[in-house]
Amino acid sequence: MKALQVERIIKNFGDKTAVNGLSFEVSQGEIYGLLGANGAGKTTTMRMILGLILPDEGDIRYAGKAYSNEQLSMLGYLPEERGMYPKIKVSDQIIYLAQLRGMSRKDADQNLKRWLDKFQVPEYYNKKVEELSKGNQQKIQFIAAVIHNPRVLILDEAFSGLDPVNVELLKSTVKELRDGGTSIVFSTHRMEHVEELCRNITIMHKSNPVLQGPIKEIKKKFPQERVVVASEGDISGLENVAGVVNVLRHEHGGYELKVDDPQAGQRILQHALAQGPIKRFEVLEPTLNEIFIKTVGENHE
């Protein structure tokens, strides 16, 4: 049984189609990537999953069941636009939100203290939200999304605005939730985070799903167009190797070459070896960022 099943959902607002025939499934303990440029239909999709709006066509199921108030308590949501009340204490806010999700005040209080200890900020219990830095406000917003132990969690730009240390803290926390069985729909513009966290993705463009599946399988469909080579000294004449389109010299040494021929890599290697020992040679698979740009670009009207 899949934790979340989205089946051919369609949502129109007047004569504008916001989501057009989207389907995907999220297994228990999986982080699923939902990607797309602004206006692609991601937020509308997330709102339908949360039951805030209903699809005009199609179906959404949670562990095989239709949406109901019973399902509401198993959903968590971290929106891109943060919404904590600045002048209310952290504890009052979080406990109240947890009670709305069906938790007892005692259990909510215990969970809040556990999360504050985990994030090493127990002193924030009695602070007002406005007294915290932007990054720490985001931690509190994250706690609000998971305080009731949701089985399905929607994360929209969860790491935006955080410094690298806090990004790593939240990433490790998201992985722990996944390993504990939470199913997560993860939306972000940071493709490197998607590559690290997600196994399967959907890329949306202008309301339509344009690319779906396991990241590993998707990458096999796109050509390997970059080669990295480095030696102790300079390598001359790389731009003259057949199939090389562009040569970029890195500041830290080495070269990155763009190629338009799958066999160009071997020619580059032989050319470089003829001039001395090689420290590094790699034919790079396409990044998810490159795939995203190609997919959205090729479908751009």
Side-chain angles (χ1 to χ4, degrees), residues 2-69 71-83 141-142 145-146 150-160 174 177-178 182-191 193-195 197-215 218 288 291-292 295-296 299-301:
K2 298 291 184 180
L4 177 67
Q5 294 168 288
V6 176
E7 299 175 352
R8 302 180 302 279
I9 57 171
I10 295 173
K11 185 64 184 178
N12 300 307
F13 296 102
D15 60 357
K16 176 179 172 55
T17 299
V19 177
N20 186 27
L22 174 63
S23 300
F24 65 88
E25 296 179 338
V26 186
S27 300
Q28 181 178 354
E30 177 186 4
I31 305 174
Y32 191 99
L34 184 62
L35 314 176
N38 293 332
K42 304 187 307 298
T43 300
T44 300
T45 299
M46 288 185 277
R47 287 174 177 168
M48 284 190 280
I49 293 171
L50 292 163
L52 299 175
I53 55 177
L54 298 176
D56 297 325
E57 297 180 33
D59 194 25
I60 300 175
R61 295 197 165 267
Y62 313 83
K65 297 180 180 179
Y67 183 84
S68 66
N69 287 335
Q71 306 307 320
L72 180 65
S73 64
M74 61 175 270
L75 303 176
Y77 180 39
L78 176 65
E80 181 178 7
E81 297 296 330
R82 313 309 183 206
Q141 185 93 41
F142 183 90
V146 300
R151 282 183 275 168
V152 176
L153 177 62
I154 313 294
L155 298 179
D156 190 3
E157 296 293 347
F159 310 138
S160 64
V174 169
L177 290 170
R178 173 202 64 195
T182 304
S183 303
I184 300 167
V185 177
F186 180 71
S187 181
T188 181
H189 291 101
R190 297 291 299 274
M191 297 298 153
H193 293 159
V194 177
E195 293 207 51
L197 296 170
C198 302
R199 185 186 311 118
N200 299 293
I201 62 168
T202 289
I203 295 178
M204 298 184 69
H205 182 60
K206 294 187 175 180
S207 82
N208 295 294
V210 293
L211 191 61
Q212 291 185 295
I215 292 176
I218 287 172
L288 192 53
I291 290 171
F292 180 87
T295 302
V296 170
N299 286 277
H300 187 69
E301 298 176 358

field: Gap separating the OG atom of Ser27 from the CZ atom of Arg199, nearest 0.5 angstrom
entry: 7.0 Å
- prompt: Among Leu50, Ile184, Leu78, which residue meets the side-chain contact (heavy atoms from CB on, under 4.5 Å) test with Ile154?
  reply: Leu50
statement: Heavy-atom closest pair (Pro209 atom, Asn20 atom, distance to 0.1 Å) is CD-O, 3.5 Å
field: Partners passing side-chain hydrogen bond (donor to acceptor under 3.5 Å, both in side chains) against Gln71 (at least two apart in sequence or in another chain)
entry: none
- request: Might you point out which heavy atoms bring Glu25 and Gln5 nearest each other, and give the distance in Å?
  value: OE2-NE2, 3.7 Å
message: Within the structure provided, determine whether Leu35 and Phe292 are in side-chain contact (heavy-atom separation under 4.5 Å).
response: yes
field: Closest approach of Glu195 to Leu288 (non-hydrogen atoms, all atoms of both residues)
entry: OE2-N, 2.8 Å
- prompt: How many angstroms lie between CZ in Phe159 and NE2 in His193, if you round to the nearest 0.5 Å?
  reply: 6.5 Å
query: For Ser183 and Gly29, which heavy atoms make the closest approach, and how far apart are they?
result: OG-N, 3.5 Å
field: Closest approach of Gly36 to Lys42 (non-hydrogen atoms, all atoms of both residues)
entry: O-NZ, 2.8 Å
- prompt: Do you know the tightest heavy-atom contact between Leu211 and Ile291?
  reply: CD2-CG2, 3.7 Å
Approximate separation, where rounding is to 0.5 Å, of Leu153 CG and Phe186 CZ: 10.5 Å
message: For the CD1 atom of Ile203 and the CD1 atom of Ile218, what is their distance to the nearest 0.5 Å?
response: 6.0 Å
task: Tell me yes or no: between the side chains of Thr188 and Glu157, is some donor less than 3.5 Å from an acceptor?
output: yes
field: Heavy-atom side-chain contact between Gln141 and Pro79 under 4.5 Å
entry: yes
message: Per the ring-ring contact (aromatic ring centres under 6.0 Å, His included) rule, what does the pair list look like for residues 18-46, sequence neighbours excluded?
response: Phe24-Tyr32
statement: Partner of Leu22 under side-chain contact (heavy atoms from CB on, under 4.5 Å), picked from Gln212, Glu7, Arg8, is Gln212
- line: Across all chains, not counting sequence neighbours, the salt bridge (Lys or Arg N to Asp or Glu O under 4.0 Å) partners of Lys2 are none
- prompt: Should Val146 and Leu177 be marked as a side chain to side chain contact (heavy atoms under 4.5 Å, CB included) after you check the CA-CA gap, both sets of side-chain angles, and the distance that decides it?
  reply: CA-CA 9 Å; Val146 300; Leu177 290 170; 4.0 Å; yes
query: Rounded to the nearest 0.5 Å, how far does CG of Asn12 lie from OG1 of Thr17?
result: 4.0 Å
field: Atom pair CG/OG of Leu155 and Ser187 - distance to nearest 0.5 Å
entry: 9.5 Å
message: Donor-acceptor check, side chain of Tyr62 to backbone of Ile49, threshold 3.5 angstrom: yes or no?
response: yes
message: Tell me if a side-chain donor or acceptor on Ser207 pairs with a main-chain N or O of Val19 at a distance below 3.5 Å.
response: no
statement: side-chain hydrogen bond (donor to acceptor under 3.5 Å, both in side chains) filter on Arg178, not counting sequence neighbours, yields none
message: Taking side-chain hydrogen bond (donor to acceptor under 3.5 Å, both in side chains) as the definition, give me every residue that meets it alongside Asp156, ordered by chain and number, with sequence neighbours left out.
response: none
- prompt: Just wondering, do Pro214 and Asn200 contact through their side chains at under 4.5 Å, heavy atoms?
  reply: yes
statement: Sorted by chain and number, sequence neighbours left out, side-chain contact (heavy atoms from CB on, under 4.5 Å) with Ile53 holds for Lys11, Phe13, Thr44, Arg47, Met48
- prompt: How far apart are the C-alpha atoms of Ile215 and Val194, what are their side-chain angles, what is the distance that settles it, and do they pass the side chain to side chain contact (heavy atoms under 4.5 Å, CB included) test?
  reply: CA-CA 9 Å; Ile215 292 176; Val194 177; 4.2 Å; yes
message: Before you tell me yes or no, could you show the steps for Val174 and Phe142 under side chain to side chain contact (heavy atoms under 4.5 Å, CB included), namely the whole-Å CA-CA distance, both residues' side-chain angles and the distance that decides it to 0.1 Å?
response: CA-CA 10 Å; Val174 169; Phe142 183 90; 4.1 Å; yes
